[in-house]
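The structure under discussion appears below in the form of structure tokens.
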Amino acid sequence: MYQEIKKHIFYVGVNDRVTRKFEALWPLPYGVSYNSYLIADKKTALVDTVEAGFTETFLANIREILGDKPLDYLVINHMEPDHSASIAAVRRAYPDVQIVGNAKTVEMIKGFYGIDEKTLSIKDGDVLPLGAHELVFYITPMVHWPETMMSYCPQEKLLFSGDAFGCFGALDGGVVDTQLDCEIYWDEMYRYYANIVGKYGVPVQRALEKLKNVPIDMICSTHGPVWKEQVGKVGGIYNSLSRYEAEEGVTVVYGSMYGNTARMAEEIAAELSAQGIRRIAVHNVSVSEKSYILRDIFRYKGVVIGSPTYNLQLFPDVEAVVSALRNREIKSRIYGCFGSYTWTSRAVKELTAFGEQMQWEMPAEAVEMKQGFTETTAEQCRTLARAMAAALKK
Ligand SMILES: Cc1cc2nc3c(=O)[nH]c(=O)nc-3n(C[C@H](O)[C@H](O)[C@H](O)COP(=O)(O)O)c2cc1C
Ligand SMILES: [Fe+2]
Ligand SMILES: [Fe+2]
């Protein structure tokens, strides 16, 4: 199956509704698509490939369009195996195909797939003529691997952007945003960004800067819809996420074995609401997937984290969230923390040190509870929530 998205430019990607976790980490409740595009001009060029389990479907899509015609070029914008896994199969099906990438891509193709013949190493700004169309290459390192680049077709003002501007969610029937109900993709875009690209805000900003004067009518990324009607919105989301900008709202994350720390979380959330904060996402780390917690922390300016002391450490699943946040170097959040213990406290010290390390604003003192929940603890929780709400409204 394929779809012509512009005259002589075809969508030849596949839907994955089988894999439960992307990168073996991130849940896929709506699946994911691996997008690939074929330009059928005087010369033919395929842009990116698909994940390993889908190679045959993918090759069939290409054959449907090309028939007996040869494939001249395979452009590789990104080497993560969800896009590069079918390179060797494409070479077997089309032995004369020239594989096009930058110096880092070419090195990785040899390293992963042992291919070092008929490769064409391009530099930033190089142009590949195909006939009526051409492709111009923009090297955009670390979005989100070192070799990542984008390919631009000036004749159609069409950007093959790799993972940038992508999102989770398979394509239900249509391919272009104008054919789809896009409702689910916005949340899935926040989650995709927070999970996969989140660490690379600065390189994303650099890439956006590089593209700032490039007119774009369509964005063809490697995951999710082809953006046509929503180019502006999608660019805006990636721009603000990569600047770590956030909305007025709070993510409350906690771990709790027996409900004591949970009681504190509920008190804080209720008081945030009483203070007029509308967007509050409360996550129990033992139930919510980290994927969704990260999405909400990228979305909301306020973060409150709570943990019981567990064998003189943070509760393990809270530790995992903290470590994921540290890894993504999330900037400029307003932060509060709380914790519980029974004999020797550690959790609150750890969470306080974490906030300091992130250089997040801490408008209130951490709340520490020994054993059971009392009216004193409740009042301390409400004080924290009031300070958080005031800081958000400032
Ligand atoms: C396996 C385990 C290890 C714990 N380790 C500590 C500890 O090192 N120091 C401490 O003061 N309390 C420790 N506690 C006690 C808890 O921090 C305390 O009971 C707290 O109220 C639990 O919060 P929760 O009800 O939200 O699960 C431990 C509890 C358990 C079950
Ligand atoms: Fe990737
Ligand atoms: Fe990808």
Side-chain angles (χ1 to χ4, degrees), residues 13-16 19 21-26 28 31-36 47-52 54 76-86 105 108 112 140-150 160-170 188-189 191-193 195-200 203-204 207 220-224 252-268 284-287 305-319 338-351 367-374 377 381:
V14 297
N15 282 313
D16 181 352
T19 303
K21 288 192 168 181
F22 188 77
E23 294 181 351
L25 280 170
W26 317 109
L28 293 171
V32 66
S33 69
Y34 310 115
N35 301 344
S36 167
V47 182
D48 291 314
T49 78
V50 303
E51 173 64 299
F54 302 85
I76 297 297
N77 282 328
H78 180 28
M79 278 299 290
E80 191 170 351
D82 55 333
H83 311 295
S84 73
S86 303
T105 326
M108 287 187 194
F112 274 112
T140 52
M142 296 319 299
V143 180
H144 60 124
W145 275 29
E147 85 302 353
T148 44
M149 64 178 206
M150 301 188 192
F160 299 101
S161 62
D163 281 340
F165 310 113
C167 60
F168 293 132
E188 287 295 83
M189 179 171 285
R191 197 162 67 87
Y192 180 82
Y193 185 92
N195 295 179
I196 313 295
V197 191
K199 185 177 173 59
Y200 304 100
V204 171
C220 299
S221 90
T222 44
H223 301 287
V252 180
V253 184
Y254 71 91
S256 186
M257 298 168 280
Y258 297 108
N260 294 292
T261 318
R263 181 70 189 80
M264 301 171 84
E266 297 293 350
E267 192 71 31
I268 291 166
N284 174 354
V285 286
S286 305
V287 176
I305 305 182
S307 174
T309 297
Y310 188 94
N311 295 343
L312 291 176
Q313 289 181 347
L314 286 176
F315 188 62
D317 289 357
V318 174
E319 176 66 53
F338 60 99
S340 64
Y341 72 104
T342 294
W343 63 94
T344 305
S345 178
R346 188 77 216 173
V348 161
K349 281 190 201 81
E350 292 286 332
L351 290 175
V367 182
E368 187 162 59
M369 175 176 77
K370 184 173 182 181
Q371 298 155 8
F373 191 80
T374 61
T377 310
C381 287

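Note that this is a predicted model, so its numbers are computed, not measured. Scope of the values below: all heavy atoms of this structure, side chains included, with no hydrogens, waters or symmetry mates. Just so you know, ligand 1 is whichever comes first in the structure, and atom 1 is the first atom listed for that ligand.
Between N311, T309, N260, it is T309 that holds the heavy atom closest to atom 13 (C) of ligand 1.
Looking at E266 and R263, no side-chain N of the basic residue comes within less than 4.0 Å of a carboxylate O on the acidic one, giving no salt bridge.
What sits closest to atom 30 (C) of ligand 1 on the protein, heavy atoms only, is M257 CE, 3.9 Å. Atom 9 (N) of ligand 1 has as its closest protein heavy atom T344 O, 2.9 Å. Counting only heavy atoms of the protein, atom 1 (C) of ligand 1 lies nearest to Y310 CE1, 3.5 Å. Ranking protein heavy atoms by distance to atom 22 (C) of ligand 1, first place goes to P308 CB, 3.7 Å. When hydrogens are left out, the protein atom nearest atom 20 (C) of ligand 1 is S340 OG, 3.5 Å; that is the closest non-hydrogen contact. T342 OG1, 3.1 Å is the protein heavy atom nearest to atom 19 (O) of ligand 1.
In terms of distance to the Fe ion (ligand 3), the nearest N, O or S atom of D163 is named OD1. The atom of D82 that is an N, O or S and sits closest to the Fe ion (ligand 3) is OD2. Closest approach between the Fe ion (ligand 3) and any N/O/S atom of H223 involves NE2.
Every atom of ligand 1 with a heavy atom of L312 under 4.0 Å away is listed here by number and element: 7 (C), 8 (O).
Here the side chains of F315 and T261 are not in contact, with every heavy-atom distance at 4.5 Å or above. No side-chain heavy atom of F160 sits under 4.5 Å from any side-chain heavy atom of D48. Side-chain contact check for Y254 versus V285: every heavy-atom pair is 4.5 Å or farther apart. A heavy-atom distance below 4.5 Å is not found between the side chains of C381 and F338.
Within the 2.8 Å limit, H83 places no N, O or S atom next to the Fe ion (ligand 2). Within the coordination shell of the Fe ion (ligand 2), defined by N, O or S atoms under 2.8 Å, E80 is present.
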